Amino acid sequence: MSWSGFKKTVNRAGTTLLQKTGQIERTVDREFADEEAKFRTFEKECQVLQKDSKHYWDSMRAMTAAQTRIAETLETFYGAADRTSEGAMAGHAYKRSVDDLDGGFGRELDGPFRTTVSEPLGKMCAYFPVVNEHISKRNKKLLDYDSARSKMRKLVDKPSEDPTKLPKAQQEHDEAKEVFDMLNDQLVAELPQLLDLRVPYFDPSFEAMIRMQSKFAEEGYEKLSGVQRYFADTIRDDYAAGQLDAQVEGVLQEMRELSICGAN
């Protein structure tokens, strides 16, 4: 930081302190404050959306990978017992189905998700530091303007013996006000425009996410429905009637009666 920049930073810190103690009047711009508050909400929502969308897609990857591992284990269980049983054929069909789902997810959905959802979110969030830099600059120039206005008013209320001080203070005030007004007007005009663009900007991403979720669900239903043909038609009715739970409890009871599983 240059000496000039360091001096400005110190002066602004002093102005802030004097404003807190009521010795320098602070400009209150309700219009800018309202627009900044809306921007802060939008900024936070986008950052949360970016984080949650990543968590969602990571969870989808984890789910398909977990399905594959489950299928591998089930195929091993059934195959080791009787490779010709309907259970073994169902286990093999399930393994083949989830392998297709996992491969299709990486091949057909992962890339499009990055292109249509992750990257647009990242690009939007990349604008926020730039906007915040403009807001920070505007706030610094506001401190300069408030300081210059206070200095000018003091000279008006209590004229100096040096006749050049008031014209100089007036010039500093006018220049500070011009710079502040330019930055402030730009932000007040453009912050609402940025927020208005959020819907048309995210529309394609929202539609793409819905289509990808639908595609994954439809393919999952189609592939897993094929596995059901290896089970008896009555299984769904048995499940609804609570009979499958009873069957599981019956097997568990048989296991408890084994010496190696029974209580001592």
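Computed from a predicted structure; not experimentally measured.
- In terms of heavy-atom proximity, Cys261 sits nearest to Met255 at CB-O, 3.0 Å.
- In the hydrophobic clustering of this structure, Phe202 does not group with Leu197; members are Ile, Leu, Val, Met, Phe, Trp, Tyr whose side-chain heavy atoms approach within less than 4.5 Å, directly or through other members.
- For Gln193 (side chain) and Ala189 (main-chain N/O), a donor-acceptor pair under 3.5 Å exists by modelled atom type.
- Here Arg40 contributes atom CZ and Glu35 contributes atom CD; the two are 13.0 Å apart, rounded to the nearest 0.5 Å.
- Remark: Ser136 pairs with Lys140 by the side-chain contact (heavy atoms from CB on, under 4.5 Å) rule, at least two apart or across chains.
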Query raised in the report: So Arg30 and Asp34, salt bridge (Lys or Arg N to Asp or Glu O under 4.0 Å) or not? Walk me through it.
Result: CA-CA 6 Å; Arg30 296 297 181 189; Asp34 289 344; over 6 Å; no
Report task. Check step by step if side chain to side chain contact (heavy atoms under 4.5 Å, CB included) holds for Glu43 and Val131. Result -> CA-CA 10 Å; Glu43 179 184 32; Val131 176; over 6 Å; no
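- Taking the side chain as every heavy atom from C-beta outward, Met209 and Phe113 approach each other to under 4.5 Å.
- The two residues Val227 and Ala90 make their nearest non-hydrogen contact at CG1-O, 3.7 Å.
- Under the 3.5 Å distance criterion, the side-chain polar atoms of Arg198 are matched with a main-chain donor or acceptor of Leu195.
- Cation-pi geometry between Arg138 and Phe32 is met: under 6.0 angstrom from the ring centre, within 45 degrees of the axis.
- The shortest side-chain heavy-atom distance between Ile210 and Phe206 falls under the 4.5 Å cut-off.
- Residues Met182 and Gln186 are not in side-chain contact: their nearest non-hydrogen atoms beyond the backbone lie 4.5 Å or more apart.
- Annotation: the span from Glu75 atom CD to Asp99 atom CG amounts to 8.5 Å, rounded to 0.5 Å.
- Between Lys215 and Glu108 there is a salt bridge, since a side-chain N of the basic residue sits under 4.0 Å from a carboxylate O of the acidic one.
- The side-chain contact (heavy atoms from CB on, under 4.5 Å) test applied to Glu218 returns Ser214, not counting sequence neighbours.
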Under 3.5 Å, which donor-acceptor pairs link side chains of residues 61-71 to any protein atom two or more places apart or in another chain?
{"from": "Arg61", "atom 1": "NE", "to": "Asp110", "atom 2": "OD1", "distance (Å)": "3.2"}
{"from": "Arg61", "atom 1": "NH1", "to": "Asp58", "atom 2": "OD1", "distance (Å)": "2.8"}
{"from": "Arg61", "atom 1": "NH2", "to": "Asp110", "atom 2": "OD1", "distance (Å)": "2.7"}
{"from": "Thr64", "atom 1": "OG1", "to": "Met60", "atom 2": "O", "distance (Å)": "3.4"}
{"from": "Thr64", "atom 1": "OG1", "to": "Arg61", "atom 2": "O", "distance (Å)": "2.9"}
{"from": "Thr64", "atom 1": "OG1", "to": "Asp102", "atom 2": "OD1", "distance (Å)": "2.9"}
{"from": "Thr68", "atom 1": "OG1", "to": "Thr64", "atom 2": "O", "distance (Å)": "3.0"}

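- By the 30° and 60° cut-offs, the orientation of the rings of Phe39 relative to Phe128 is perpendicular.
- Counted within 6.0 Å of NZ on Lys177, heavy atoms from surrounding residues, nucleotides or ligands total 12 or fewer; the atom is thus considered open.
- Residue Tyr127 qualifies as open at atom OH: its count of foreign heavy atoms under 6.0 Å is 12 or below.
- A salt bridge does not link Lys137 to Glu133: none of the charged side-chain nitrogens sits closer than 4.0 Å to a carboxylate oxygen.
- Taking the charged nitrogens against the carboxylate oxygens, Asp146 and Arg149 do have a contact shorter than 4.0 Å, which makes a salt bridge.
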**Report entry** Test side chain to side chain contact (heavy atoms under 4.5 Å, CB included) applied to Thr41 and Lys38, step by step
**Finding:** CA-CA 5 Å; Thr41 300; Lys38 294 175 186 176; 5.8 Å; no
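- Distance check, rounded to the nearest 0.5 Å: CG of Asn132 to CD of Glu36 gives 8.0 Å.
- Pairing each heavy atom of Ile135 with each of Leu187, the nearest pair is CA-CD1, 4.0 Å.
- Counting non-hydrogen atoms of neighbouring residues, nucleotides and ligands closer than 6.0 angstrom, the CZ atom of Arg211 reaches no more than 12 such neighbours.
- Here the side chains of Arg114 and Trp57 are not in contact, with every heavy-atom distance at 4.5 Å or above.
- In the hydrophobic clustering of this structure, Phe216 groups with Tyr56; members are Ile, Leu, Val, Met, Phe, Trp, Tyr whose side-chain heavy atoms approach within less than 4.5 Å, directly or through other members.
- Side-chain N/O atoms of Gln171 and Glu175 include a donor and acceptor closer than 3.5 Å.
- When side chains are defined from C-beta on, Ser118 does not count as touching Lys54, because their heavy atoms never get closer than 4.5 Å.
- The 12-atom threshold is not exceeded at CD of Glu222, counting heavy atoms of other residues, nucleotides or ligands nearer than 6.0 Å.
- Closest heavy-atom contact between Lys165 and Leu155: O-CD1, 3.6 Å.
- Under the 4.5 Å side-chain heavy-atom criterion for grouping Ile, Leu, Val, Met, Phe, Trp and Tyr, Leu109 is connected to Leu121 within one hydrophobic cluster.
- Other residues, nucleotides and ligands contribute only 12 or fewer heavy atoms inside 6.0 Å of the CD atom of Glu178.
- Looking only at distances, no side-chain donor or acceptor of Ser147 sits under 3.5 Å from a matching main-chain atom of Leu143.
- Under a 4.0 Å N-O distance rule, the pair Lys223/Glu219 does not qualify as a salt bridge.
- Taking each heavy atom of Pro120 and Val117 in turn, the nearest pair found is CD-O, 3.4 Å.
- One finds the CZ atom of Phe180 at 8.5 Å from the CG atom of Asn139 (value rounded to the nearest 0.5 Å).
- For Tyr145 and His173, the ring centers are positioned less than 6.0 Å apart.
- Note that the NE2 atom of His134 and the CG atom of Asn184 stand 13.5 Å from one another [nearest 0.5 Å].
- Checked by atom type and distance alone, the side chain of Ser205 pairs as donor or acceptor with a backbone atom of Thr116 at under 3.5 Å.
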